[in-house]
J.: 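Sharing a structure with you now.
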Amino acid sequence: MQHRIVVLGAGYTGAVAAGRLAKRLRREDVAVTLVNAEPDFVERVRMHQLAVGQDLKPRPFSDMFAGTGVELRLAKVTGVDVDRRTVAVTDANGSEELSYDTLVYALGSGWNAQGVPGTAEHAYEIASRAGALRLRERLARLAAGQTVVVVGGGLTGLEAATEIAEARPDLDVALAVRGGLGDWLSPKGRAHLRKVFGKLRITVYEHAAVTGVEADRVAMADGKTIPAAVTVWTTGFVVHPIAKATALKVTGTGQIVVDATMRSVSHPDVYAVGDAAHAMGPGDKPLRMSCASGIPTAWQAADAIAARLTGGKLPDTPLRYFNQCISLGRKEGLIQYVTADDRAVQAVLTGRLAAVYKELVCKGAAWGVANPTLGLPTRRRVTRERAATGPAVEALG
Ligand SMILES: Cc1cc2nc3c(=O)[nH]c(=O)nc-3n(C[C@H](O)[C@H](O)[C@H](O)COP(=O)(O)OP(=O)(O)OC[C@H]3O[C@@H](n4cnc5c(N)ncnc54)[C@H](O)[C@@H]3O)c2cc1C
């Protein structure tokens, strides 16, 4: 009998976890199934690029996982029953239940409208490919001089505002920020941001709390309104509701609470990685939703599962941050170096070099999905179950 590992979601973290598990465990002992709604890998970190009309490299999973031993199941996950250890999926042929021995939950997140009136009806989002394509189509129809308001001063808002302003200098682009522009960055980082926003002629509304979105304007807490032919909403991400509907221990926002090995604290046969997981980082702070911290959670989970199945050593690499890589259009960037717990230090990299650095990071993340052990040797070990029932042979590839 093979041990059945089912990985839900083939974004950055699920795809990395599935590939790494396949490299760590023997195919005769373990079956790895990767379930995803769409047939190709979505580079979420490039959704602002897609929105302004750039074309992204197609990355079909059938090519990425060919010969890896990972079985792909293209279907939408509709529910998880952690007591019966089953996953409900639907595809064009109907509904089905998949059984698992170990589950890796990596369904990621979507945009967070935060219940602000009018947002769901009128705002555009770039947390998903469908959202980015919808915005792309809308931006293409905007005439010169029309206004685009990006709401949210986090990394996604900064990247979206600058990308749109660079690609469409004929539009009036504005950014509405709850605090100050880039107020978590170092003084040098903030100064660079202001310089680039100035060059791109982006209007910045600081200390601006948006309280409503209408078809042609956004309303602010101070009673003012800003005209907006298009409003782009980027105020954070929220996880899909599937985990919250299970018996798993989750946070108030629905992230699965995990230990240092990414194992659910309530259900030891379930692991959660990436945006879907509530994992603690350095300084006892929860990791933020990002590839930067999400991909290491996938490594950690895959290595912990392999170790537990084979009797190996559990991974104990502490998760930490190194930098925040922010694209500011295609020609400019900002690399803000940070402490292990994600606080800005003095050092920054700016300008074209930073843009190239960020591009390499994005390329590297996608490359890592297709090459999950990042050049490390393939080590396939015999599971304890198999060692107990058959000849224990350790295969090193
Ligand atoms: C515009 C933008 C820019 C960003 N830039 C950066 C950056 O520079 N650096 C950084 O670190 N992070 C960045 N992020 C955040 C980063 O993209 C996410 O944190 C990361 O994608 C999370 O990875 P994940 O694997 O958890 O989820 P995802 O990448 O969202 O993958 C989830 C997968 O699950 C699938 N799925 C979801 N629901 C279902 C279902 N019901 N059934 C089947 N499949 C399903 C999805 O199709 C997807 O393939 C950015 C995000 C955006 C939107």
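Just so you know, ligand 1 is whichever comes first in the structure, and atom 1 is the first atom listed for that ligand.
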J.: Is it the case that the side chains of H48 and T156 hold a donor-acceptor pair, with the cut-off being a distance below 3.5 Å and no angle test?
T.: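 Short answer, no.
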J.: Give a yes or no on this: more than 12 heavy atoms of other residues, nucleotides or ligands lie within 6.0 Å of atom CZ of R352.
T.: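 No, not enclosed.
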J.: Are more than 12 heavy atoms from other residues, nucleotides or ligands located less than 6.0 Å from atom NZ of K224?
T.: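 Atom NZ in K224 is not crowded, with 12 or fewer foreign heavy atoms closer than 6.0 Å.
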J.: Examine R134 relative to Y124 and say whether NZ or CZ is less than 6.0 Å from the centre of the six-membered ring and inside a 45° cone about the ring axis.
T.: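 Output yes; distance and angle both within limits.
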J.: List the atom pairs, donor and acceptor, that lie under 3.5 Å between side-chain atoms in residues 79-89 and the rest of the protein, sequence neighbours left out.
T.:
from	atom 1	to	atom 2	distance (Å)
D81	OD1	D83	N	3.0
D81	OD1	R84	N	3.0
R84	NH1	E97	OE2	3.2
R84	NH2	E97	OE1	2.8
R84	NH2	E97	OE2	3.3
R85	NH1	D269	OD2	3.3

J.: Could you tell me whether E96 and R73 have a side-chain N and a carboxylate O separated by less than 4.0 Å?
T.: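 Looking at R73 together with E96, the answer is yes, because their closest N to O distance falls below 4.0 Å.
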J.: Check each N or O atom of ligand 1 against all protein N or O atoms and list the pairs under 3.5 Å, with atom names and distances to 0.1 Å, one per line.
T.:
from	atom 1	to	atom 2	distance (Å)
ligand 1	8 (O)	K358	NZ	2.6
ligand 1	11 (O)	C291	N	2.8
ligand 1	11 (O)	A292	N	2.8
ligand 1	12 (N)	C291	N	3.2
ligand 1	19 (O)	D275	OD1	2.8
ligand 1	19 (O)	D275	OD2	3.3
ligand 1	19 (O)	S290	N	3.2
ligand 1	25 (O)	Y12	N	3.4
ligand 1	25 (O)	T13	N	2.9
ligand 1	25 (O)	T13	OG1	2.7
ligand 1	26 (O)	T13	OG1	3.4
ligand 1	26 (O)	D275	N	3.0
ligand 1	30 (O)	R44	NH1	2.7
ligand 1	41 (N)	V77	O	3.0
ligand 1	42 (N)	V77	N	2.8
ligand 1	44 (N)	A37	N	3.1
ligand 1	49 (O)	N36	OD1	2.8

